[in-house]
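These notes are about the structure you will find just below.
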There are 4 protein chains.
Amino acid sequence: MARPSNTEERRQQIVEGLLRVMAERGYERASIGEIAKAAGLSSGLVHYHFTDKQEILLTLVEQLAARARARVKVKLERVKGGARAQVEAFLEAFLATGEGADPASVAAWVTISAEAVRQPEVRAAYEKVVRADLEHLEELVGVVIGRRRAKAVAAGLFAAVQGYFVLAAAAPDVIPAGSAASTVKRMAAGLLDMAQSSEGA
Amino acid sequence: MARPSNTEERRQQIVEGLLRVMAERGYERASIGEIAKAAGLSSGLVHYHFTDKQEILLTLVEQLAARARARVKVKLERVKGGARAQVEAFLEAFLATGEGADPASVAAWVTISAEAVRQPEVRAAYEKVVRADLEHLEELVGVVIGRRRAKAVAAGLFAAVQGYFVLAAAAPDVIPAGSAASTVKRMAAGLLDMAQSSEGA
Amino acid sequence: MARPSNTEERRQQIVEGLLRVMAERGYERASIGEIAKAAGLSSGLVHYHFTDKQEILLTLVEQLAARARARVKVKLERVKGGARAQVEAFLEAFLATGEGADPASVAAWVTISAEAVRQPEVRAAYEKVVRADLEHLEELVGVVIGRRRAKAVAAGLFAAVQGYFVLAAAAPDVIPAGSAASTVKRMAAGLLDMAQSSEGA
Amino acid sequence: MARPSNTEERRQQIVEGLLRVMAERGYERASIGEIAKAAGLSSGLVHYHFTDKQEILLTLVEQLAARARARVKVKLERVKGGARAQVEAFLEAFLATGEGADPASVAAWVTISAEAVRQPEVRAAYEKVVRADLEHLEELVGVVIGRRRAKAVAAGLFAAVQGYFVLAAAAPDVIPAGSAASTVKRMAAGLLDMAQSSEGA
DNA sequence: TATGAATGAGGCTTCATTCAT
DNA sequence: CATGAATGAAGCCTCATTCAT
């Protein structure tokens with residue numbers, strides 16, 4: 001009898017709307033009205049499906065993280081080769097094809113990082129995602145060079161990835177096109193070699 | 001006959017006010033009122049010394065860049081050692097002492113990156129600073145491994161630095177404390193070694 | 001399901017509000033707050049229905065012009081008599097009944113003229129209205145004295161009308177009450193006679 | 001010993017500044033700062049020589065009136081011919097050379113009319129000027145057609161002049177260039193003829 | 001579920017005016 | 001007389017949020 005719920009579909013539309021608007025206006029200037037328009041909905045409906053703007057942002061954080069995890073999963077499944085190849089696959093999942101996912105998502109992610117600096121809830125969500133990704137990378141690195149040294153190496157590689165995101169979004173003209181993935185992989189190779197050769201120390 | 005101009009002093013106060021407020025509120029939420037309060041001035045006076053809010057931000061970008069350049073200069077002057085040591089000194093200038101300069105400046109810089117994503121004027125200023133820093137690093141790297149390979153290597157190291165800034169500001173608990181400078185220096189060593197050993201190729 | 005749109009009604013209220021406030025404060029000093037109050041609405045709602053203050057003014061220009069056109073139409077329909085009587089009817093439509101429409105509208109129109117001096121959009125709207133009215137009058141005058149001479153005569157009569165508006169609004173005590181319509185009609189008679197008697201020239 | 005007062009000179013500069021700024025920004029938007037800049041002075045000095053903005057405006061009204069009176073005087077002194085020629089000379093003094101004085105003054109005068117609609121002090125000054133001019137014209141007209149009929153005729157001709165001012169400032173493209181003076185003189189001729197021919201009535 | 005009108009707070013900016021020098 | 005820094009009050013506009021329908 002009752003109309004079938006389309007809540008999930010609507011929420012999805014709205015989150016996509018935020019992604020699109022945020023990519024070109026930032027979070028603060030992404031008004032509910034704009035988000036609604038981008039989603040093809042009325043502004044009132046946005047508040048029907050989300051309590052407030054921040055909740056949309058938090059949902060977006062989750063979705064971007066989920067998409068990244070999915071890309072990583074696919075890449076890892078396809079890997080032929082040992083532990084080092086897996087580390088490379090992980091990094092590629094973030095940086096391959098241009099400089100990672102689509103430009104809008106990268107821009108949104110950079111914006112989210114900046115919001116995480118001050119909004120506690122955003123920070124918590126951001127931190128959770130970063131922690132998970134980092135632990136995953138750490139695990140892969142750990143197989144090559146051992147747990148002890150993995151933490152710093154993983155953090156360094158992850159930082160490089162995040163840094164490329166920022167530069168790709170904010171100053172795309174100053175970084176050599178298409179060099180991100182290969183350079184980070186080279187960084188990984190160097191760090192892993194170094195750690196292995198000093199293994200006995 | 002006239003009151004001596006204190007414009008520069010006032011502008012400085014205001015820029016500092018923005019830095020402080022922005023570090024804990026972000027740019028959009030750093031209202032002129034808050035900035036004025038942080039600077040100990042009236043809000044009207046802010047607009048007497050700056051055309052608009054963005055002009056304060058652009059001035060801050062310049063100042064942060066100038067401070068960074070100064071730190072680099074000092075570090076480079078103190079370097080004993082060859083070209084590799086200079087690359088390390090450059091990286092240290094950005095990352096040493098905690099995770100580079102003071103936390104407020106790092107947070108502000110991350111915020112600026114995010115603003116650069118959409119505000120053309122901010123992007124121009126940001127890009128100019130990044131380009132200059134990057135070219136400097138490239139030059140130092142070039143001495144070790146030659147111009148041709150220097151571009152990608154410098155970009156990678158610079159990205160790592162920027163990434164550490166983001167993580168330090170937005171998710172400080174997930175990166176191993178104090179590992180940034182040493183890890184990036186290790187990255188540099190690896191990349192430089194690799195480039196040198198393949199020199200004949 | 002949705003609330004029925006009352007936008008047009010609201011816009012009308014707001015335009016009336018501007019008319020009333022502008023008549024006693026002028027345009028610049030007619031704040032959105034005052035306009036809203038005069039319209040019995042909240043100030044936020046004013047900006048919900050109009051992009052900005054100027055759009056309200058432009059809408060008012062249209063409305064005042066439409067009302068004038070309507071008065072002219074009625075007068076012309078009632079005219080018994082030839083072409084000269086039509087010219088007189090046109091002039092009466094603007095000046096009869098006191099010094100034209102209601103005092104508030106006259107005051108508003110004078111204010112609009114002054115705004116037209118500097119605001120390009122207002123000038124465009126004002127010019128369009130004046131041009132249309134003037135062409136209409138020119139046509140009527142043309143029937144009596146021919147196209148060639150009609151332009152200057154129509155402009156002169158129209159200027160007289162506008163001048164009476166200004167004096168009625170800004171210095172009502174210095175012009176003889178109720179003389180406007182009859183004097184302008186006399187001017188018309190004189191100009192038309194003169195043009196006709198020199199016809200062969 | 002004391003520095004010779006340059007108050008009058010300064011006041012003059014300031015009034016000219018207002019004239020210039022008002023011509024292109026209107027009265028409300030003619031800020032003290034802009035006026036000062038146009039006058040080549042500091043904004044503080046403006047308030048040293050005038051209590052407030054309105055006082056500058058009132059002074060400007062006086063000056064514009066004085067200049068008009070001077071032009072009228074010159075024209076009348078040069079007149080060869082009778083009373084009718086004097087009426088024409090008066091009208092020419094206002095409208096000759098383009099559409100009266102310089103465009104900036106005309107624009108300023110139109111602005112002043114609009115301000116006179118609501119600011120009592122401005123209205124008083126405006127009215128005083130208009131009354132004086134009108135009485136002068138009335139006197140000249142009276143010589144031709146007698147006191148009784150002069151009032152309305154003078155008012156009509158004066159209204160035409162004011163109307164041409166408005167149109168010249170706000171919609172210059174819609175009135176035939178250079179036709180103002182001759183048309184108004186024709187209006188005068190017509191009105192005077194009519195009044196004389198009905199003299200016995 | 002859905003719409004879009006409505007509210008009211010808050011932000012940026014302008015500006016007349018004052019005042020220390 | 002003169003400067004220009006300083007203040008504080010408005011004003012326009014944006015926007016998250018609420019709510020009647």
Side-chain angles (χ1 to χ4, degrees), chain A residues 2-7 9-10 28-37 41-56, chain B residues 1-7 9-11 28-36 40-56, chain C residues 1-7 9-11 28-36 40-56, chain D residues 2-7 9-10 28-37 41-56:
Chain A
R3 169 189 318 189
S5 171
N6 56 359
T7 293
E9 188 188 337
R10 288 283 177 269
E28 285 294 328
R29 271 160 301 193
S31 68
I32 296 285
E34 295 275 353
I35 295 167
K37 198 193 299 175
L41 304 171
S42 72
S43 67
L45 198 53
V46 172
H47 272 95
Y48 179 81
H49 291 291
F50 290 91
T51 20
D52 57 22
K53 216 173 119 181
Q54 198 181 73
E55 196 197 328
I56 315 175
Chain B
M1 203 172 297
R3 172 188 300 193
S5 174
N6 57 354
T7 292
E9 188 187 337
R10 287 284 176 270
R11 283 177 65 97
E28 287 291 333
R29 268 160 306 196
S31 73
I32 295 285
E34 300 271 4
I35 296 167
L41 304 171
S42 74
S43 67
L45 196 54
V46 172
H47 277 99
Y48 180 78
H49 289 292
F50 287 92
T51 312
D52 55 23
K53 204 178 142 184
Q54 192 182 248
E55 198 197 330
I56 315 176
Chain C
M1 204 173 298
R3 173 187 298 191
S5 175
N6 57 354
T7 292
E9 188 187 336
R10 287 284 177 269
R11 283 176 66 97
E28 287 292 333
R29 268 160 305 196
S31 73
I32 295 285
E34 300 272 4
I35 296 167
L41 304 171
S42 74
S43 67
L45 196 55
V46 172
H47 277 100
Y48 179 78
H49 290 292
F50 287 93
T51 311
D52 55 24
K53 204 176 140 183
Q54 193 183 244
E55 198 197 329
I56 315 176
Chain D
R3 169 191 316 190
S5 170
N6 55 359
T7 291
E9 188 189 337
R10 287 284 177 269
E28 285 294 328
R29 271 161 302 195
S31 68
I32 296 285
E34 295 276 353
I35 296 167
K37 198 193 299 174
L41 304 171
S42 71
S43 67
L45 197 53
V46 172
H47 271 95
Y48 179 81
H49 290 292
F50 289 92
T51 18
D52 56 22
K53 215 173 119 180
Q54 197 181 77
E55 196 196 328
I56 314 176

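Side chains included, hydrogens not; waters and symmetry mates left out as well; all remaining heavy atoms used. Quick caveat, the model's predicted, so the values are computed rather than measured. Sequence lines set the chain letters: A, B, ... in the order given, protein chains first and strands last, and positions in each chain run from 1.
- Contacts with DNA chain E (heavy atom under 4.0 Å) in residues 41-54 of chain D: His47(D), Asp52(D), Lys53(D), listed by number.
- Residues forming a side chain to side chain donor-acceptor pair (under 3.5 Å) with Glu55(C) (at least two apart in sequence, or on another chain): Arg11(C), Thr51(C).
- Here Tyr48(A) contributes atom OH and Leu41(A) contributes atom CG; the two are 13.5 Å apart, rounded to the nearest 0.5 Å.
- Put simply, CZ on Arg11(C) is 13 Å from P on dA6(E), counting in whole angstrom units.
- Overall bending of the helix from dA2(E)-dT21(F) to dT21(E)-dA2(F), expressed as the angle between end axes built from five pairs apiece, is 10° (10° steps).
- When rounded to the nearest whole Å, the span between CG of Asn6(C) and P of dA20(F) equals 15 Å.
- For Gln54(A), the side chain to side chain donor-acceptor pair (under 3.5 Å) partners are Gln119(A), not counting sequence neighbours.
- The two residues Ile35(C) and Ala30(C) have their closest heavy-atom pair at CD1-O, 3.7 Å.
- Of the residues in residues 28-36 of chain A, those placing a heavy atom less than 4.0 Å from an atom of DNA chain F are Ala30(A), Ser31(A), Ile32(A), in numerical order.
- In this structure, the side-chain contact (heavy atoms from CB on, under 4.5 Å) partners of His47(C), at least two apart in sequence or on a different chain, are Ile32(C).
- Atom pair Lys37(D):NZ and dT3(F):C1' shows a separation of 16 Å (rounding to whole Å applied).
- Counting all heavy atoms, side chain and backbone alike, Glu28(C) lies closest to Lys53(C) at O-NZ, 3.3 Å.
- Of all heavy-atom pairs between Gly33(C) and Ser43(C), the closest is CA-CB, 4.5 Å.
- As a whole-Å value, the separation of Glu55(D) CD from dA16(E) P is 15 Å.
- Within the model, atoms NE2 of His49(D) and CD1 of Ile56(D) stand 11.0 Å from one another, a figure rounded to the nearest 0.5 Å.
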